[in-house]
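One structure is given below, encoded as structure tokens.
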Amino acid sequence: MPETAGAPARHPEPKPGPVRPPNPVLELTLARIREFVREPEALFWVFVFPVLLAFALGIAFRNQAPEKLRVAVETTTPDVGRVVTLLSRSSDLQVLELSPEQAAQALRTGKVDLVVLQEPGSPYAFRYDPTRPQSRLARLRADDALERGLGRKDLVPIQEEPVSEPGARYIDFLIPGLIGLNLMGSGMWGIGFAVVQARTKKLLKRFAATPMRRSHYLLSFMLSRLVFLVPEVAALVVFGWIVFQVEVRGSLIALTVVSLLGSFTFAGLGLLLAARTKTIEAVSGWMNFVMLPMWLLSGTFFSYSRFPEFLQPAIRALPLTALNDALRAVMNEGLALSQSWLEILVLCFWAGVSFVLALRLFRWQ
Amino acid sequence: MDSAPAPDPVFLASPARADIALRCAGLVKRYADVTAVAGIDLEIRGGECFGLLGPNGAGKTTTVEMLEGLTLPDAGVVEVLGCRWGTGCDQDLRERMGIQLQETQLAEKLTVAETVRLFQSFYRQGRPVEEVIGMVELQEKQRARVGKLSSGQKQRLALACSLVCDPDLLFLDEPTTGLDPQARIKIWEVVEEFHQRGGTILLTTHYMEEAARLCDRVAIMDHGQVIALGTPNELVASLGADQVVEFHVQGALLQEPLLRLSGVKAARKKNQGYFLTVTRIGEALPALLEEIARQGARLERLTTHQATLEDVFISLTGRVLRDA
């Protein structure tokens with residue numbers, strides 16, 4: 001350290017030799033990590049809650065055996081027993097015997113999809129609502145079952161090959177979405193909250209009174225995010241794989257790169273929201289304001305293609321949409337990173353803009 | 001206002017004196033509707049413990065933060081260790097300064113040792129963590145979380161964080177406010193030790209006994225200005241009296257005749273009571289009792305004590321220091 005001219009001499013008394021202090025980036029990052037892991041609530045929301053959510057939704061929307069179509073046969077039909085037997089041969093149909101009044105009511109209220117009847121001296125009749133797909137399907141099945149039962153021969157043999165492909169189920173869609181959502185939440189809350197808290201407690205000002213490099217402080221947030229990223233993503237990936245056999249079809253490296261980019265993007269946004277905010281309440285408000293639209297629009301729980309066409313470009317420009325799409329491309333479709341260049345570009349854009357703005361706007365006191 | 005020894009207004013034009021650690025001239029800070037600091041000139045010598053004494057809102061913290069380079073003054077200059085803020089030596093200055101801010105809340109989830117180590121990491125060199133923790137007597141709390149410490153222990157930890165860089169210059173902003181007497185004495189001992197080793201200290205306080213015990217020189221501040229400056233003894237001597245008589249009476253009392261009593265230097269009405277500065281207590285006291293009786297008032301309560309810095313403040317402003 002250069003002695004400044006005119007400065008008073010350092011303490012004359014001999015002191016124990018000066019020690020070489022530890023690395024500031026390391027110490028700051030350790031402090032971030034310690035503060036986080038010593039907060040049980042934070043651990044719950046970041047690691048346990050997403051897994052519970054995935055479990056609940058995975059159970060609720062699991063793929064079930066296809067539901068049977070319900071067909072009623074009016075008891076006034078001649079030879080009703082035979083008709084019921086013939087229809088019951090079709091594994092797709094559940095057959096009920098109902099009086100004409102009951103059958104009419106059941107059809108009206110949607111409890112059956114089709115009513116089969118025969119007036120004396122008339123052919124079989126199918127009574128159904130043709131606007132209901134279920135009913136049209138029931139009509140075809142019932143017709144098929146009756147005709148076959150009565151001796152129709154198929155002209156061409158047809159073999160059926162049912163598929164239930166992992167990767168196309170709801171849980172396959174959901175897990176990458178939850179990873180994206182979790183990266184958004186932990187990135188923004190983790191950084192935004194910590195910075196504003198340090199500001200309200202005057203800790204930022206205290207740090208500014210030391211020779212600490214400002215960039216080291218901000219870097220420590222990035223690094224601590226990096227450390228937590230691995231368990232955050234791994235918790236959901238491993239859970240999905242063990243419980244629901246959700247596969248990662250692409251490379252783990254691609255998954256890591258996308259997660260990292262997403263994490264940094266939301267860290268940047270969190271930093272931006274916290275750059276000048278003075279109270280926890282204010283920053284919470286901003287966080288919700290920014291995150292809520294993405295919760296709804298970015299295709300975490302259902303595909304954003306359900307929103308109107310004119311909204312699509314705006315939705316796809318949201319960082320969470322880009323992250324979710326990129327994660328699904330890697331996990332569900334097994335695509336290479338280069339195929340998701342647009343999403344990666346969107347994420348880089350948000351990350352870059354928010355970091356530059358955050359650094360420019362940041363207030364230490 | 002006239003008792004303050006006028007500081008040399010042109011000192012910054014004169015060649016830097018080797019023994020001046022900290023100085024400022026014409027320091028002004030205005031916020032939206034108040035002038036927090038209204039032109040302050042100070043010179044603090046190397047190795048000196050200098051106190052800014054004044055009530056809450058006097059502008060002490062704003063002054064200190066401008067000296068620390070944390071707040072930009074609206075006018076005036078600051079020189080720390082021969083260097084002005086913002087002229088390229090900020091980083092070097094920060095290496096040599098230990099700062100304790102008013103009301104910093106350190107991270108609650110970190111332990112004492114972790115916190116000190118964190119602060120140590122910001123400096124190019126420093127003292128061993130254990131040694132600094134020993135200096136503030138927190139050895140037994142090394143592994144305790146900050147959130148579990150008492151307010152006195154937290155304040156000592158804050159002091160440890162400011163000492164870990166082995167500073168030449170220590171800024172303490174109300175280091176003992178809100179602490180019980182024992183906790184306060186522990187802080188004083190640490191400050192005195194630093195002082196004895198030759199360190200320079202600037203501290204603010206609204207406890208006159210703290211200023212009297214720790215400080216070589218004191219500046220009394222009120223409404224953003226220095227209204228008196230000198231050693232604690234000089235300031236007390238400026239009262240021209242060594243005793244203070246405070247009393248309350250029932251009934252009205254004319255102030256004029258009190259001044260004519262033998263040995264009475266000054267008389268002032270303070271809240272419900274009266275405040276006399278007195279040179280010869282043996283003569284003044286009987287005369288005072290006689291006068292009270294003559295005016296037909298009834299004495300309710302009377303105390304006398306050696307004049308202190310508090311009395312200096314009262315005599316300058318007519319207000320009590322602590323609750324002003």
Side-chain angles (χ1 to χ4, degrees), chain A residues 1-43 194-195 197-217 220 363-365, chain B residues 16-21 45-47 65 68-71 81-83 89-97 99-111 114-115 117-129 131 145 158 161-162 164-166 168-169 171 196-200:
Chain A
M1 177 167 52
E3 281 285 321
T4 318
R10 288 180 77 92
H11 314 167
E13 210 178 292
K15 292 175 296 186
V19 293
R20 178 143 194 88
N23 182 291
V25 177
L26 179 68
E27 286 300 316
L28 281 165
T29 309
L30 279 175
R32 298 281 333 122
I33 294 171
R34 284 170 180 145
E35 282 191 78
F36 182 79
V37 301
R38 290 171 190 175
E39 189 87 64
E41 290 95 334
L43 287 178
V195 168
Q197 203 172 40
R199 186 179 288 118
T200 58
K201 292 184 163 187
K202 305 266 173 73
L203 199 54
L204 280 187
K205 192 176 184 176
R206 179 64 187 85
F207 284 160
T210 71
M212 179 192 78
R213 302 212 176 266
R214 316 295 157 103
S215 54
H216 286 176
Y217 182 71
S220 75
R363 284 279 172 275
W364 289 85
Q365 36 182 310
Chain B
R17 277 166 32 203
D19 64 333
I20 297 300
R45 299 179 200 113
E65 289 186 353
E68 289 165 346
L70 292 176
T71 301
L81 303 170
C83 196
C89 49
D90 291 17
Q91 204 70 5
D92 284 330
L93 286 181
R94 298 229 172 274
E95 294 279 349
R96 302 175 61 184
M97 286 167 38
I99 287 181
Q100 185 212 30
L101 298 173
Q102 211 183 118
E103 288 167 5
T104 295
Q105 290 166 278
L106 298 163
E108 305 229 316
K109 303 280 174 189
L110 299 184
T111 69
E114 285 163 0
T115 304
R117 198 176 148 83
L118 175 63
F119 274 90
Q120 189 198 43
S121 78
F122 300 149
Y123 296 89
R124 267 177 286 190
Q125 59 174 16
R127 284 162 173 269
V129 170
E131 186 194 320
R145 302 240 177 118
C161 292
S162 62
V164 74
C165 63
D166 194 12
D168 296 326
L169 190 51
F171 290 89
Q196 274 159 20
R197 295 159 64 106
T200 309

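Only heavy atoms go into these numbers, but all of them, side chains included; no hydrogens, no water, no symmetry mates. Protein chains get the first letters and strands the later ones, always in sequence-line order, with residue 1 at the start of each.
Across every non-hydrogen atom of B:T104 and A:L203, the tightest pair is CG2-CD1, 4.0 Å. In this structure, B:I99 and A:A209 approach most closely via the heavy-atom pair CD1-CB, 3.7 Å. Counting all heavy atoms, side chain and backbone alike, B:S121 lies closest to A:P21 at CA-CB, 3.9 Å.
Screening A:E35, A:R34, A:E27 for a side-chain contact (heavy atoms from CB on, under 4.5 Å) involving B:E114 leaves a single residue, A:R34.
Within 6.0 Å of CZ in A:R213 there are 12 or fewer heavy atoms belonging to other residues, nucleotides or ligands.
Judged by distance alone, with hydrogens and angles left aside, the side-chain atoms of A:R38 form a donor-acceptor pair with the main-chain N or O of B:K109 at under 3.5 Å. Side-chain atoms of B:R94 do not come within 3.5 Å of backbone N or O of A:M212 as any donor-acceptor pair.
With a threshold of 4.5 angstrom between heavy atoms, B:T111 approaches chain A through its backbone and through its side chain. Neither the backbone nor the side chain of B:F171 comes within contact range of chain A; no heavy atom of the residue lies under 4.5 Å from a heavy atom of that chain. Interface residue B:Q91: backbone and side-chain heavy atoms are both found under 4.5 Å from chain A.
Between A:K205 atom NZ and B:T71 atom OG1 the span is 5.5 Å, to the nearest 0.5 Å.
The pair B:E65-A:K202 does not count as a salt bridge, with every side-chain nitrogen at least 4.0 angstrom from each carboxylate oxygen.
B:M97 is not listed as a side-chain neighbour of A:P211, based on a closest heavy-atom distance of 4.5 Å or more.
With chain B as the partner, the residue from A:R206, A:H216, A:E39 showing the most heavy-atom pairs under 4.5 Å is A:R206.
Between A:F207 and B:F122, the angle of the ring planes goes over 60°, which puts this pair in the perpendicular group of the 30/60° scheme.
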